[in-house]
Amino acid sequence: METMSEYSSLLSDLSENITNEDLDQLKSACKEDITEDQSNTITSSKEWFNYLEKNEKLAQDNLSYIEHIFEISRRPDLLTRVIEYRTTVLKISEDDEIDTKLTRIPSAKKYKDIIRQPSEDEIIKLAPPPKKV
């Protein structure tokens, strides 16, 4: 399935941008969901992704958990990649995603605006008011 390969390449892309220090930070960001013993056995971002998948916190069509983790870990670079995948591959925009397990994080919107082009309406809104002559 097309989405699966896109998903794999997303994960490997993310992995390449996660150093060991990053991984420690990401693991501590989700410490409520990973016990310390389990956390110690996760030594690479691929293992971390595998763990999240096994525990149903990550799937090719469920990325809100890692979006949340990247957000609280202050990694807009990683977050932007995930949002880009979600909006282009899954075609799920912020507004469509109603039934996710996690409530959407409003600040993800500010990163999404970096990628998204403003719509006609928004451009019109941004235009200065006509000057009275």
Side-chain angles (χ1 to χ4, degrees):
M1 207 170 108
E2 181 62 14
T3 317
M4 200 66 210
S5 58
E6 295 272 6
Y7 172 69
S8 307
S9 70
L10 171 74
L11 293 192
S12 65
D13 193 28
L14 292 171
S15 297
E16 281 163 28
N17 291 282
I18 296 173
T19 65
N20 286 345
E21 292 87 77
D22 295 338
L23 184 63
D24 288 339
Q25 193 185 5
L26 295 170
K27 288 194 299 189
S28 79
C30 51
K31 60 178 176 288
E32 292 131 37
D33 301 296
I34 302 184
T35 66
E36 199 171 329
D37 293 347
Q38 288 166 321
S39 185
N40 293 334
T41 64
I42 298 172
T43 55
S44 72
S45 49
K46 288 198 169 66
E47 288 174 14
W48 182 63
F49 290 134
N50 286 340
Y51 176 86
L52 295 177
E53 287 174 331
K54 277 198 210 86
N55 289 273
E56 297 180 356
K57 299 224 174 286
L58 176 63
Q60 62 183 42
D61 54 359
N62 179 14
L63 302 156
S64 36
Y65 185 78
I66 59 170
E67 283 183 37
H68 171 68
I69 296 301
F70 292 156
E71 177 135 29
I72 57 181
S73 308
R74 301 197 171 75
R75 288 300 301 270
D77 54 327
L78 300 176
L79 179 59
T80 305
R81 281 164 200 249
V82 177
I83 293 174
E84 207 159 37
Y85 165 88
R86 175 160 59 73
T87 49
T88 56
V89 178
L90 301 180
K91 314 265 190 294
I92 300 173
S93 72
E94 224 61 48
D95 312 324
D96 301 334
E97 207 171 323
I98 294 156
D99 64 339
T100 53
K101 297 183 181 65
L102 283 173
T103 49
R104 288 298 319 134
I105 309 103
S107 48
K109 284 197 161 83
K110 69 173 180 284
Y111 298 120
K112 200 178 69 158
D113 289 337
I114 299 167
I115 313 167
R116 196 173 60 82
Q117 296 304 311
S119 68
E120 289 296 316
D121 293 349
E122 287 169 295
I123 292 166
I124 293 162
K125 275 191 203 118
L126 297 174
K131 288 192 172 62
K132 292 204 171 68
V133 186

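The figures here come from the full heavy-atom set of this structure, side chains too, leaving out hydrogens, waters and symmetry mates.
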| query | What heavy-atom pair brings Cys30 and Trp48 nearest, and what distance separates the two atoms? | reply | SG-NE1, 3.4 Å

| said: Once rounded to the nearest 0.5 Å, what's the spacing between atom CG of Leu10 and atom OG of Ser5? | reply: 11.5 Å

| query | Is the side chain of Glu71 donor-acceptor paired with the backbone N or O of Leu79 at a distance under 3.5 Å, no angle test? | reply | no

| message | Which heavy atom of Asn62 sits nearest to which heavy atom of Glu56, and what is that distance? | response | ND2-O, 4.2 Å

| Criterion side chain to side chain contact (heavy atoms under 4.5 Å, CB included) against Leu52, the qualifying member of Ile69, Ile42, Leu58 | Leu58

| query | Are Asp22 and Leu78 side-chain neighbours, meaning at least one heavy-atom pair lies under 4.5 Å? | reply | no

| Between Ile18 and Leu23, what is the shortest heavy-atom contact and its length? | CG2-N, 3.8 Å

| Side chain to side chain, Thr88 and Glu6, heavy atoms closer than 4.5 Å | no

| query | Distance from Arg75 atom CZ to Leu26 atom CG, nearest 0.5 Å? | reply | 7.0 Å

| request: Indicate whether any N or O donor in one side chain lies under 3.5 Å from an N or O acceptor in the other, for Tyr85 and Asp13. | output: no

| query | So how far is it from Phe49 CZ to Ser12 OG, rounded to the nearest 0.5 Å? | reply | 9.5 Å

| task | Over all heavy atoms of both residues, which pair between Ser39 and Lys27 is shortest? Give the atoms and the distance, please. | result | O-NZ, 2.7 Å

| So do the side chains of Leu11 and Lys46 get within less than 4.5 Å of each other, counting heavy atoms only? | no

| request: Indicate the atoms forming the closest heavy-atom contact of Leu63 with Arg86, along with that distance. | output: CD1-CB, 4.3 Å

| said: Ignoring hydrogens, what is the shortest heavy-atom contact between Tyr51 and Gln38? Give both atom names and the distance. | reply: OH-OE1, 3.0 Å

